[in-house]
Asks: 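Mind having a look at this structure? Questions to follow.
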Protein chains: 2
Amino acid sequence: MASPKIVRMTAPRLRDVAQLAGVHPATASRALNPQTRQQVNADTARRVLRAAESIGYQPNPIARSLKTARTGTVGLVIPDLTNPLFPPIVRGIEDVLTPAGYNAWIVNTDNDPQREEAQVEALRSRQVEGLIVATARRTHPLLARLHRQGVKMVLVNRRVDGLELPSVTADDDAGIGLAVAHLVGLGHTRIAHLAGPQHTSTGVSRARAFRHALIDHGLPDDPALTVECGYWSESEGARGLRRLLDGGRAFTAVVAGNDLIALGCYDVFAERGMTCPDDVSVVGFNEMPYLDKMRPPLTTVAIPHYEIGAEAGRLLLDTIDEPDRYPRSVLLAPSLVVRASTTPAPCDAASR
Amino acid sequence: MASPKIVRMTAPRLRDVAQLAGVHPATASRALNPQTRQQVNADTARRVLRAAESIGYQPNPIARSLKTARTGTVGLVIPDLTNPLFPPIVRGIEDVLTPAGYNAWIVNTDNDPQREEAQVEALRSRQVEGLIVATARRTHPLLARLHRQGVKMVLVNRRVDGLELPSVTADDDAGIGLAVAHLVGLGHTRIAHLAGPQHTSTGVSRARAFRHALIDHGLPDDPALTVECGYWSESEGARGLRRLLDGGRAFTAVVAGNDLIALGCYDVFAERGMTCPDDVSVVGFNEMPYLDKMRPPLTTVAIPHYEIGAEAGRLLLDTIDEPDRYPRSVLLAPSLVVRASTTPAPCDAASR
DNA sequence: AGGCAGGCCGCAATCGTTTGCGATCCGAGG
DNA sequence: CCTCGGATCGCAAACGATTGCGGCCTGCCT
C-alpha cells in the first residue's frame, strides 16, 4: 500500500520537482525563475518552490548553459599569480563577480605570447562570456583580433594603442607626481628613473609622468638618468640600477617603475656595499604586501588593488549586459606611503 | 550556379563538420574522438579530421559535459589567495591539471565556515569532479559530510582526524627538527614556540615536533614557552610573542609556526625597542617570497610549495580516475634556509 | 447567451554532443 | 549458393534545462 519510494542517487532534476509539485517541468521552470514567475499562478509557484526546497533541487548549470548560451563565467588573464600585485586584484574581481552569479577562470601567461594565445583559446572554448586582461602590451595583435571578433573585454593596469577598450588603471601621472614631489621636498635634485618595459602602457605613462614631474619642479630632464627595465621584475630592476651606477652620472634618488624593480635595487646595494637610503633613496610603486618589513621599509605609491579588481569586474559585467555601451575607463587615485627608504638628500651632491 | 555559401556567425558545430565530410554527426563524433576512432574507416576519419580542421571546429564542452556528466573541472578551496603561501601552490596544481584537460575554480573562504559552505556548494553546483582543500581543520564536519557523499578530494597542508583522505603535506617533523637543531647548534637552550592554531593538523604536528626536538637535544620542555596563535597571521604572531614576553620566562630564540607568525614578531620587536637577532633569534616556516629582503632576513624552513601543488593535482587526478584506490598521502621534505634572523645565543642567558 | 480577453499551463522543439543499437555491405568459409 | 561475422556507419534517444506557441478555462462585458 505504501507508495514505493524510489530513491534516485543522482542529483534531483527539474522533472523531479515538477512531478512532486504535480505540474509540468515547463511550469516548474517558470516558477523557479524569478524572471518568469509571474507567468504562473502564485499558489502553483509556491508549491513548486516548496517542492524544490524539500528535495534540495539545484538547477544544472550545464544544461542551462546549453540552452541559454550563457555560462556565467569569465576569463581572467594575468601574467603570474605569484606576483603579489595580482592576488588582491583577483579578490576584488571575484567579490563583485560572485554576487552577480559569475565565476572567473584564472590563467597565467608568464608573459609568453605563445602561452597566452593557447590559454585564451582554452578560455574561449570553455565559452567564457568575457575577458579581464592584465597582460596587455601597447600593441597586441591577439587582443586586437579578439576585439574584432566581438569578445567582450576589460583591461586592467594597461591600455592598448588604438583600441577603444574599457580599462581600469591607477593614475600613473598622479602617482609618479607624488613620488617626485616627495623626493624634491627632501632636497633631491638628481633623481633617476628605473622605467618599466616601454612596450607596456604603464611603462611609458610612468616614464612620461616622471619627465613631466621633473619639469614641473624646474629640474633638468637628463635622459641618461632613466633606464628601461625589460620586465617588471627584481632581476631587471637590479640590472637597471647597475647600468645607472655604471653610467657615471650622479644621482641621489631613484623612483622605480614598480616595487619589484625597487626591490631589485636592494640586491645591488648589498652587492656594492651601498646603503639605502643614506647613499640613495628609493621609492617604489604599487604597495605590494610586507614592504613595511623590508630592509629598509620601502616608501612607495600605493594603489588600491582590490578596488581596481572590483572596478574591472563591474566594467566587465556592464559590457556584458549592454554590449554596445561606449567603452568607459576608470582611473583610480594613488597615495604616497612614506617609509624609510627615502631620506633628505646629502648636502654633498656628488654622492653616487 | 555558384553554390550559395551561407555563413554561420556562430561557432561551427559537429553537424557542420559532418555535413562537410559527408557523414552523419555520429560518425564525425567517433572520428574526432581518439577513443572511438577505430570504429570508423580510416579514410572517413581522415576526411572528418580535415573537415574539422578546415572550419576550425572546437567541440562545445557544455554539450559534451551534459551528455557525459564529466566537466573537466575541479574546485580549489583555499583560505585566502592573498596569503603568499598559496599562489605557488595554485600554479603547481594548474600546471599538472591543465595538461590533463582539467581546470580549477578557485574559491576563498577567509576561514569562515559559513562562507566555506556556500563556496563549496557553489562549486558542487558547477559540477566539479573533485576538490582540493587547503582549509581543513582537524575536525571538519563539512569535509566529513562531503566524504560520505563520495565527493573526491585531496587535502593540502592539512589532515583531518579520523578521515582517510589523500593529502600532501610538508614533513613538519623534519622541518621543525631542522629549525631546532640549527638553534641549539648556535648555543640556544631556552627556545620558545609560537604554535599555529591547534585546531589545524599542522598546528599540532609542528608543536608536537617541537617538543620532541627539544627532548632529542636533551633540553627541558617548558610548557610556558609555547603559546598558541589563533590564526596563521602576523597579528596573531604579534599577540603570541607579547604573551610570551609578558610571561616572564626567559628565552633567546623562538621558532614560529609559520613565516607570517614570525613576521608578527618583528612588529613586537619594533614596539618594544628590541632587536632581532641580537635580543632574540627567530626562525619561520614556509619560505614565503621576499623574506631575504626583510629586516632582518628571516631564517626559515623552506617547503616546496610548487611541488606540493603539483602532487595535490596528481593525487586528485588519480582519485578521479580510480575512485576506489586506497588513499595515498605524500610527505615532502623541507630544508632549512639560514639568514640573519638567527645568531649565536648571548653568553648571558638572562637576556629577555 | 455569446464572445472575447487574459491568465495559466502543457506540448514539444531546441541547445550540441555522445552512444546503444541495428542496418547494411562485404568477403570468407562451408 | 547460402550463411555468418566483422567492419562501417546511420538512427534516434538521451543529457537537463528553457521557451515559443497554442489550448483551455474562467470571468466579464455586451
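Every value quoted in this text rests on a predicted model; they were computed, and no experiment measured them. Naming convention: chains lettered A, B, ... in sequence-line order (proteins, then strands); numbering from 1 in each chain.
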Asks: Using modelled atom types only, decide if a donor and an acceptor are shared between the side chain of A/Glu129 and the backbone of A/Gly72 within a distance under 3.5 Å.
Replies: yes

Asks: Indicate yes or no for a side-chain donor-acceptor contact from A/Ser201 to the backbone of A/Arg159 under 3.5 Å, with no hydrogens or angles considered.
Replies: yes

Asks: Output the rounded distance in Å from CG (A/Leu14) to P (C/dG10).
Replies: 12 Å

Asks: Quick check on A/Gln38: does its CD atom have over 12 non-hydrogen neighbours (other residues, nucleotides or ligands) under 6.0 Å away?
Replies: yes

Asks: Is any side-chain nitrogen or oxygen of A/Thr44 closer than 4.0 Å to OP1 or OP2 of C/dC9?
Replies: yes

Asks: Could you tell me whether the side chains of B/Glu116 and B/His140 share a donor-acceptor contact shorter than 3.5 Å?
Replies: yes

Asks: Is any side-chain heavy atom of A/Arg314 closer than 4.5 Å to one of A/Val330?
Replies: no

Asks: Can you tell me how far C1' of D/dA17 sits from CD1 of B/Ile62, to the nearest Å?
Replies: 13 Å

Asks: Between B/Asn60 and B/Ala63 (side chain of the first, backbone of the second, donor and acceptor by atom type, cut-off under 3.5 Å), is there such a pair?
Replies: yes

Asks: What parts of residues 28-36 of chain B reach DNA chain C, counting only heavy atoms under 4.0 Å away?
Replies: B/Ser29, B/Arg30

Asks: Just wondering, are more than 12 heavy atoms of other shown residues or ligands nearer than 6.0 Å to CD in B/Gln149?
Replies: yes

Asks: Rounded to whole angstrom units, what separation is found between the CZ atom of B/Arg64 and the C1' atom of C/dT18?
Replies: 9 Å

Asks: Find out whether B/Leu49 and B/Arg37 are in side-chain contact, i.e. whether some heavy atom of one side chain is under 4.5 Å from a heavy atom of the other.
Replies: yes

Asks: Can you tell which of C/dT17, D/dA17, D/dA12 lies closest to the side chain of B/Arg13?
Replies: C/dT17

Asks: Round to the nearest Å and state the distance from B/Arg37 atom CZ to C/dT19 atom P.
Replies: 15 Å

Asks: Ignoring hydrogens and angles, tell me if any N or O in the side chain of A/Asp80 forms a donor-acceptor pair with the backbone of A/Thr82 under 3.5 Å.
Replies: yes

Asks: In whole angstrom, what separates A/His24's NE2 from D/dG16's C1'?
Replies: 13 Å

Asks: Where along residues 66-74 of chain A does a heavy atom fall under 4.0 Å from DNA chain C?
Replies: A/Leu66, A/Lys67

Asks: How long is the line joining CG of B/Asp43 and C1' of C/dC25, in whole Å?
Replies: 17 Å

Asks: Which one, C/dT17, D/dG10, C/dC8, comes nearest to the side chain of B/Val23?
Replies: D/dG10

Asks: Could you state the CG-P distance from B/Asp16 to C/dG16, rounded to the nearest angstrom?
Replies: 9 Å

Asks: Which whole-number value in Å describes the distance from A/Asn60 CG to C/dC15 P?
Replies: 18 Å

